[in-house]
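In what follows, a single structure is set out as structure tokens and then discussed.
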Amino acid sequence: MQPSQPHTVLITGSTSGIGLAIAHCFARAGHQVMLHGLADAAAEQALLAEFSEYSGRTGFSSADISSEAGCAQLVSDTREAIGNPSVLINNAGIQFTAPAHEFPAEKWHQILAINLSAGFFLARDLLPAMRNAGWGRIINIASVHGLVASEHKAAYCAAKHGLVGLTKVLALENADRNITANAICPGWVETPLIQPQIEAIAREQQVDIEAARAELVGAKQPMAKATSPDAIGELALYLCGNFASTITGAALPVDGGWSAQ
Ligand SMILES: NC(=O)c1ccc[n+]([C@@H]2O[C@H](COP(=O)([O-])OP(=O)(O)OC[C@H]3O[C@@H](n4cnc5c(N)ncnc54)[C@H](O)[C@@H]3O)[C@@H](O)[C@H]2O)c1
């Protein structure tokens, strides 16, 4: 399908899970996508082959965005491959769970760098071109943990609450240029990121993987089913459409009622 106005879309962390689903949604809709994530040359080739069925141009970068320099590398790779992005989707993220009083400093810094600071550096570097063009979309994949807390997720909750705050500032500062900034706040989404948590429950409670998954999701969500990654992709696509032009500064839960409690 060819959209009336194809966008150039950078999606961080799009080798897997939610980011990959978002990339497919935009590419299917005829937009040009910049794929990104930690992947070796073979995985990169497989990914590019997977996207070659779409009509739009596709690029790939494996820049490690846990540093400011890595974010600058990603910006430069993106400009070279598809030009200045009109849509930035900050999706890359990692997880680590431990009580705050035992949380390793290295994990704290890593989670803050990837889940929060990278979103800031990329928005800072890409906003000037969006402002000049008079149109842009920034979508931050936060989490229900940007709205409420859970035990053992000190760094993740701090980063995701920070990302929701950053989203609101970007929305205010760029409201005069047709640029919106929104956060999507998913509850449980079926991706590799939640696998270690499912396996830990299976180990601790000596139950099978299916029972552990049901236990994990049902413990927090009134709707005890995980969201599909495609649902997040379709919402991101909607936020780039004409009907969403005045949705800005929002933190949109997609969480089976988790944050309504
Ligand atoms: N899965 C869920 O239940 C869930 C729920 C709420 C929010 N989220 C958020 O959604 C986003 C995507 O999560 P997912 O479940 O798809 O994760 P995932 O583990 O499937 O994918 C993570 C992506 O980030 C990339 N990445 C990680 N560290 C990187 C680094 N240093 N440099 C560059 N890329 C890096 C990986 O290569 C991969 O492409 C994350 O921000 C996560 O916090 C996930």
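Here the structure is a predicted model, which means the values were calculated and not measured. Numbering of ligands and ligand atoms starts at 1, following listing order. Numbering of residues begins at 1 and proceeds along the displayed sequence.
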Examine Ile94 against ligand 1 and note whether any of their N/O atoms are separated by less than 3.5 Å.
no
Numbered atoms and elements of ligand 1 in range of Gly37, under 4.0 angstrom, heavy atoms
34 (N), 37 (O)
With ring pair (Phe, Tyr, Trp, His ring centres under 6.0 Å) as the criterion, how do His24 and Tyr54 come out once you've worked through the C-alpha distance, each side chain's angles and the decisive distance to 0.1 Å?
CA-CA 9 Å; His24 274 293; Tyr54 299 120; 5.7 Å; yes
Classify the contact between Ala63 and ligand 1 as side chain, backbone, both or neither, using a heavy-atom distance cut-off of under 4.0 Å.
backbone
Please could you name the atoms of ligand 1 that Pro192 approaches to less than 4.0 Å, counting only its heavy atoms?
20 (O)
Heavy-atom nearest neighbour in the protein, as seen from atom 25 (C) of ligand 1, with distance rounded to 0.1 Å:
Gly13 CA, 3.7 Å
Are the ring centres of Phe103 and Phe96 closer than 6.0 Å?
yes
For Asp64, atoms of ligand 1 separated by under 4.0 Å from a heavy atom:
30 (C), 31 (N), 32 (N)
Specify side chain, backbone, both or neither for Gln95, according to which of its non-hydrogen atoms lie closer than 4.0 Å to ligand 1.
neither
Does Lys160 come within less than 4.0 Å of ligand 1, judged by its heavy atoms?
yes
Gly17 heavy atoms within 4.0 Å reach ligand 1 at atoms 16 (O), 20 (O)
Measure the distance from atom 11 (C) of ligand 1 to every protein heavy atom, then report the residue, atom name and distance (to 0.1 Å) of the closest one.
Asn91 O, 3.0 Å
shortest atom 44 (C) of ligand 1-to-protein heavy-atom contact is with Ile18 CD1, 3.6 Å
Tell me whether Ile114 has any N or O atom under 3.5 angstrom from an N or O of ligand 1.
no
Using side-chain contact (heavy atoms from CB on, under 4.5 Å), reason through Thr15 and Leu35 one step at a time and then give a plain yes or no.
CA-CA 7 Å; Thr15 57; Leu35 301 165; over 6 Å; no
Got a donor-acceptor contact below 3.5 angstrom from the Thr8 side chain to the Asn84 backbone?
yes
Give the minimum heavy-atom separation between Ile139 and Cys240, together with the two atoms involved.
CD1-SG, 3.9 Å
Is a side-chain donor-acceptor pair under 3.5 Å present for Ser62 with His36?
no
Is there a polar contact between ligand 1 and Ile65, counting only N or O atoms under 3.5 Å apart?
yes
So which heavy atom in the protein is nearest atom 18 (P) of ligand 1, and how far is it from that ligand atom?
Ser16 OG, 3.6 Å
Show which atoms of ligand 1 fall inside a sub-4.0 Å distance from at least one heavy-atom site of Ser14.
39 (O)
CG of Leu163 to CG of Leu112: how many Å apart, nearest 0.5 Å?
11.0 Å
Between Ile194 and ligand 1, find which residue part has any heavy-atom pair under 4.0 Å and reply side chain, backbone, both or neither.
side chain
N/O separation below 3.5 Å, Gly19 to ligand 1
no
The atoms of ligand 1 lying under 4.0 Å from a heavy atom of Ala92, numbered in the order shown, are 24 (O), 41 (O)
Using the side-chain hydrogen bond (donor to acceptor under 3.5 Å, both in side chains) definition, which of the options Asn140, Asn115, Thr12 pairs with Asn90?
Asn140
Using 0.5 Å steps for rounding, measure from the CG atom of Leu74 to the CG atom of Leu88.
8.5 Å
Atom 22 (C) of ligand 1 [closest protein heavy-atom partner, distance rounded to 0.1 Å]
Gly93 O, 3.8 Å
Considering distance alone, does some N or O of Tyr156 sit under 3.5 Å from an N or O of ligand 1?
yes
Taking N or O atoms only and a 3.5 Å limit, does Thr191 qualify as a polar contact for ligand 1?
yes
NZ/NE/NH1/NH2 to OD/OE distance under 4.0 Å, Glu190 and Lys225:
no
Sub-3.5 Å N/O-N/O distance, Ser143 and ligand 1:
no
Consider only side-chain heavy atoms of I, L, V, M, F, W and Y, link residues closer than 4.5 Å, and tell whether Ile89 and Val164 are in one cluster.
no
Under a heavy-atom criterion of less than 4.0 Å, does Gly187 contact ligand 1?
yes
Compute the minimum heavy-atom distance from His36 to ligand 1 and say whether it is under 4.0 Å.
yes
Numbering as shown, the atoms of ligand 1 that approach Trp188 to under 4.0 Å (heavy-atom distance)
3 (O)
What distance separates Asn174 CG from Thr248 OG1, expressed to the nearest 0.5 Å?
8.5 Å
So, for Ala212 and Ile198, which heavy atoms are closest and what is the spacing to 0.1 Å?
CB-O, 3.4 Å
Just let me know how Ser62 lines up against ligand 1, side chain, backbone, both or neither, with a heavy-atom cut-off below 4.0 Å.
neither
Stepwise, does the side-chain contact (heavy atoms from CB on, under 4.5 Å) test hold for Arg137 with Ser86?
CA-CA 6 Å; Arg137 295 286 177 267; Ser86 53; over 6 Å; no
shortest atom 7 (C) of ligand 1-to-protein heavy-atom contact is with Ala142 O, 3.2 Å
Is the side chain of His31 donor-acceptor paired with the backbone N or O of Ala27 at a distance under 3.5 Å, no angle test?
no
Is it the case that the side chains of Ser228 and Asp230 hold a donor-acceptor pair, with the cut-off being a distance below 3.5 Å and no angle test?
no
When distances are taken from atom 36 (C) of ligand 1, the protein heavy atom at minimum range is Thr15 OG1, 4.0 Å
Parallel, tilted or perpendicular: which one describes the rings of Trp258 and His145, with boundaries at 30° and 60°?
perpendicular
Starting from atom 3 (O) of ligand 1, find the nearest protein heavy-atom neighbour and note its residue, name and distance.
Val189 N, 2.7 Å
Within reach of ligand 1, part of Cys185 (heavy-atom separation under 4.0 Å)
neither
Using the rule given for salt bridge (Lys or Arg N to Asp or Glu O under 4.0 Å), can you reason through Arg213 versus Glu199, listing the C-alpha separation, both sets of side-chain angles and the distance that settles it, and then say yes or no?
CA-CA 8 Å; Arg213 180 179 287 110; Glu199 284 160 17; over 6 Å; no
Is the shortest N/O to N/O distance between Val144 and ligand 1 below 3.5 Å?
no
